[in-house]
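When reading the values below, keep in mind they use all heavy atoms of this one structure, side chains included, and skip hydrogens, waters and symmetry mates.
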Amino acid sequence: MPEPAASAPADPRLAARFTEDLLDGCRVMAEDFGYRPAQFERMVREHGGVEAARLLLRGAGTAGGFTVLWEKNQLGRSSEATMLREEYAELFTPDELLLARRRLEEHGFDVDAHLRSVAEQG
């Protein structure tokens, strides 16, 4: 049975900023690391960042791009880490945020330190 469709975000501008942040991450990965996450970028453009992040969370295991980010010690650029940022958390359910946190922590990523760092920069 398919999962029920998620409700539209309360603020479409916030969802658009989330999408742009994910696309910026794609550009950084291509420029700085020579890795272009083409499938992820296509998914974000087709579904929007919020739905793309949800689709990735529902998938079994991790996507190839996540593995590349982990190998390059760049999980802070993952959709999971972006979802957990304070300004975007309202776009997702508590269960989605918990799943994103768990996935990162299972790969040795210090989520709380990352979020503190992001807050200090912002």
Side-chain angles (χ1 to χ4, degrees):
M1 175 188 264
E3 292 191 28
S7 60
D11 183 353
R13 291 173 296 183
L14 183 61
R17 278 201 320 267
F18 179 78
T19 296
E20 193 54 40
D21 271 358
L22 294 182
L23 292 173
D24 282 344
C26 291
R27 286 187 282 275
V28 168
M29 290 305 295
E31 292 169 7
D32 293 356
F33 299 101
Y35 173 73
R36 183 166 178 255
Q39 185 176 3
F40 175 72
E41 187 175 347
R42 189 170 33 257
M43 183 185 293
V44 170
R45 291 187 188 285
E46 182 178 332
H47 298 283
V50 173
E51 186 57 25
R54 287 185 174 128
L55 289 168
L56 289 170
L57 279 177
R58 287 194 295 260
T62 58
F66 186 94
T67 301
V68 171
L69 291 170
W70 175 73
E71 290 169 346
K72 296 186 179 298
N73 197 30
Q74 294 293 313
L75 284 178
R77 298 188 184 282
S78 68
S79 59
E80 291 85 353
T82 306
M83 290 170 63
L84 293 170
R85 288 171 39 184
E86 185 176 338
E87 70 259 39
Y88 296 132
E90 72 184 65
L91 296 171
F92 301 96
T93 68
D95 286 343
E96 289 168 336
L97 296 172
L98 181 60
L99 183 54
R101 175 179 279 276
R102 278 191 191 147
R103 184 170 291 169
L104 290 164
E105 289 174 344
E106 286 170 358
H107 288 81
F109 186 73
D110 188 338
V111 173
D112 293 323
H114 171 72
L115 294 175
R116 280 192 303 273
S117 173
V118 168
E120 290 168 4
Q121 293 172 10

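Across every non-hydrogen atom of Phe40 and Cys26, the tightest pair is CD2-SG, 3.5 Å. Residues Tyr88 and Arg17 approach most closely at OH-O, 3.4 Å, considering heavy atoms. Nearest heavy atoms, Ala15 versus Leu91: CA-CD1, 4.0 Å. The heavy-atom pair separating Gly49 from Thr19 by the smallest distance is N-OG1, 2.7 Å. Shown here for Gly65 and Tyr35, the closest heavy-atom pair between the two residues is CA-OH, 3.4 Å.
Proximity of Met43 to Leu56: side-chain heavy atoms (C-beta onward) are separated by under 4.5 Å at one or more points. Between Arg103 and Phe109 there is no side-chain heavy-atom pair separated by less than 4.5 Å. Lys72 places a side-chain heavy atom less than 4.5 Å from the side chain of Met29. Between Leu104 and Ser78 the shortest side-chain heavy-atom distance falls below 4.5 Å. Here the side chains of Phe92 and Arg54 are in contact, with some heavy-atom distance below 4.5 Å. Side-chain contact between Leu84 and His114 is absent, with no heavy atoms from C-beta onward closer than 4.5 Å. Using a 4.5 Å cut-off on side-chain heavy atoms (C-beta onward), Asp21 and Arg85 make contact.
Arg36 CZ to Glu31 CD: the interatomic distance, rounded to the nearest 0.5 Å, is 11.5 Å. To the nearest 0.5 Å, the span separating OG on Ser79 from CZ on Phe66 amounts to 8.5 Å.
Following chains of ILVMFWY side-chain contacts shorter than 4.5 Å, one cannot reach Val118 starting from Leu23, and the two form parts of different hydrophobic clusters. A single hydrophobic cluster is not seen to contain both Val28 and Leu75; linkage of ILVMFWY side chains at heavy-atom distances under 4.5 Å, directly or through other members, places them apart. Linking Ile, Leu, Val, Met, Phe, Trp and Tyr whenever their side-chain heavy atoms come within less than 4.5 Å leaves Leu115 and Leu98 in two separate clusters.
For the pair Arg27 and Glu41, the salt-bridge criterion is not met [side-chain N within less than 4.0 Å of a carboxylate O]. In summary, Arg102 and Glu80 do not engage in a salt bridge, as defined by a charged side-chain N under 4.0 Å from a carboxylate O. Comment: Asp112 engages Arg101 in a salt bridge, judged by a side-chain N to carboxylate O separation of less than 4.0 angstrom.
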Please assess Arg58 against Leu55 for the test side chain to side chain contact (heavy atoms under 4.5 Å, CB included), listing each intermediate value before the final yes or no.
CA-CA 5 Å; Arg58 287 194 295 260; Leu55 289 168; 3.2 Å; yes

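More than 12 heavy atoms of other residues, nucleotides or ligands lie within 6.0 Å of CD in Glu87, so this atom counts as buried by the packing criterion.
In this structure a side-chain-to-backbone donor-acceptor pair under 3.5 Å is missing from Glu51 to Gly48.
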